Amino acid sequence: MIDMTETKRSNPSFPKRFLWGAAISAHQTEGGLNNQWTAWELENAKKLATQAPYSFGRTAMWSHVEKEATNPDNYVSGTAVEHYSRYEEDFQLLEQMGLNSFRFGIEWARVEPEEGAWDASVIDHYRTYLKRLKELEITPVVTLFHFTLPVWFAEKGGFEKRSNVAYFVRFVEKILDELGRDLEWIISINEPLVYVGESYFQGTWPPNQTKKLLGFKVLLNLIRAHKKVYQLACKNRRHKVSMAHNLSYIYAGDDAWVSRLSARVADYLVNQWIVRRVRKHSNFLAINYYFAQRFFGYRVHNSEKNPESDLGWDMQPDKLYELLVETYKKHQLPIFITENGLADTADKHRKWWLMETIRAMDRALKEDVKIIGYLHWSLLDNFEWDKGYWPKFGLAKVDRKTMERTLRASGKWYGMVVKRLRS
Ligand code: BGC
């Protein structure tokens with residue numbers, strides 16, 4: 001087992017070229033945006049603040065976050081954490097931790113604020129951004145769709161219409177044209193199942209639909225969009241493309257046939273269906289890991305002993321090992337962990353989570369699973385969608401009044417371990 005207390009690179013299982021990093025998305029950090037989410041936040045902030053005690057009042061950290069969570073301002077992204085103007089500071093954090101990779105988003109609504117009108121200054125911004133990462137020898141991983149849409153595109157029906165896919169493809173073409181030279185790793189669509197689930201099945205995110213058939217149509221269009229991005233990017237051998245899939249490790253808690261069958265069905269629906277649809281159109285498999293689900297009968301019942309994050313999420317970071325081994329066996333594509341983390345205001349569990357995660361990757365690597373890299377979610381505290389700012393996912397804490405960034409103890413620890421493993 002990997003010993004993280006040793007001072008030397010204690011384990012050769014992590015290849016020298018392993019990408020160690022952190023991740024963010026544009027909407028959650030940049031600030032000053034105008035997309036379909038920004039309009040929705042303003043309309044829904046009050047309602048979300050009122051609902052918060054019913055959704056999170058039972059969680060262990062509630063008394064610490066209550067004030068923020070019941071304030072409507074918490075639900076408006078606004079200036080976010082000003083990553084758009086403070087990216088240099090954020091790159092310094094990456095450097096401080098010795099990370100060699102960074103996942104971020106290019107915001108379509110900024111690049112093409114009106115249909116067909118490209119904002120050259122925005123493209124220049126991202127060009128300078130990428131140049132700076134190159135100077136710092138930090139490998140960029142770019143996301144092209146992370147739940148947000150330009151207002152004009154949403155008004156046209158967004159991904160609900162098959163003919164609209166062409167608008168997204170045109171945006172991607174523009175980005176590859178302008179910035180493609182400095183890109184290798186590309187995430188076409190972030191978590192299509194989460195987007196469709198929240199926006200079209202449960203109706204919790206814009207456009208607040210509960211129409212499953214429409215949701216399924218959106219899903220098929222997102223798959224079409226991904227395949228087009230893959231084709232575009234394949235014209236140039238430099239680019240490697242994947243969707244980012246939110247995968248859970250789903251398992252039976254006992255030998256009863258109902259438990260085993262339920263776990264298999266859930267695994268097929270959550271993990272297998274979508275990956276099977278796109279794996280031939282992917283150069284690698286980007287996976288985001290947050291959850292494991294243990295089935296007893298047809299219900300999920302995780303152990304009460306597992307700690308919970310501030311959002312009340314059950315935490316089983318060690319199950320990443322099983323997920324990696326099984327996913328690699330099934331799909332035979334190199335895996336890139338493009339998100340993984342927890343909401344932890346007090347920084348009580350993050351170090352443990354990271355330690356278990358690094359051990360899980362180490363074990364999987366020893367069984368010849370190909371892992372490209374690991375990106376922790378998130379570099380910074382940021383805007384957690386319909387939960388707003390109160391859940392703190394950052395390796396670095398952000399004071400939104402002064403915008404000062406401070407690495408948490410877990411962030412420093414992650415940096416120390418990465419430096420050892422890379423040395
Ligand atoms: C999303 C992120 C989100 C994170 C934590 C992922 O599903 O891609 O945008 O902040 O989970 O909830």
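Each ligand, and each atom within it, is numbered from 1 in the order the structure gives. On a predicted model such as this, the values are computed, not experimentally measured, just so you know.
Annotation: cation-pi geometry not satisfied between R260 and F295 (NZ/CZ under 6.0 angstrom from ring centroid, within 45° of ring axis).
For atom 4 (C) of ligand 1, the closest non-hydrogen atom on the protein side is Y290 OH, 3.4 Å. At the top of the distance list for atom 7 (O) of ligand 1, counting protein heavy atoms only, stands E191 OE1, 2.4 Å. For atom 6 (C) of ligand 1, the nearest protein heavy atom (residue, atom name, distance) is E339 OE1, 2.9 Å. Ranking the protein heavy atoms by distance from atom 10 (O) of ligand 1 puts E384 OE1, 2.6 Å first.
Using the six-membered ring where Trp is involved, W20 and Y374 have ring planes that are perpendicular, over 60° apart on the 30 and 60° scheme. Ring pair F14/F18 is perpendicular by interplanar angle, where above 60° counts as perpendicular and below 30° as parallel. Ring geometry for Y129 versus H125: interplanar angle of 30 to 60°, hence tilted. Taking the six-membered ring where tryptophan is involved, the planes of Y414 and H376 are tilted, since the angle between them lies from 30° to 60°.
Using a 4.0 Å heavy-atom cutoff, V194 is absent from the residues neighbouring ligand 1.
Heavy-atom proximity to N246, at under 4.0 Å, picks out these atoms of ligand 1: 7 (O). Near Q28, with a cut-off below 4.0 Å to any heavy atom, the atoms of ligand 1 are 2 (C), 3 (C), 9 (O), 10 (O). Close contacts between ligand 1 and N190 involve ligand atoms 8 (O) [criterion: under 4.0 Å to a heavy atom].
Under the side-chain hydrogen bond (donor to acceptor under 3.5 Å, both in side chains) rule, T148 has a single partner from E107, H27, R110, which is E107.
When only interatomic distances are considered, the shortest N/O to N/O separation between H146 and ligand 1 falls below 3.5 Å. In terms of N/O distances under 3.5 Å, ligand 1 is not approached by N382. An N or O contact shorter than 3.5 Å is missing between W313 and ligand 1 by distance.
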Begin from the C-alpha positions of W40 and N208 and carry the test side chain to side chain donor-acceptor pair (under 3.5 Å) through to its verdict.
CA-CA 10 Å; W40 183 88; N208 296 99; 2.6 Å; yes
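Ring centroids of W377 and Y290 are separated by 6.0 Å or more, keeping the two rings apart.
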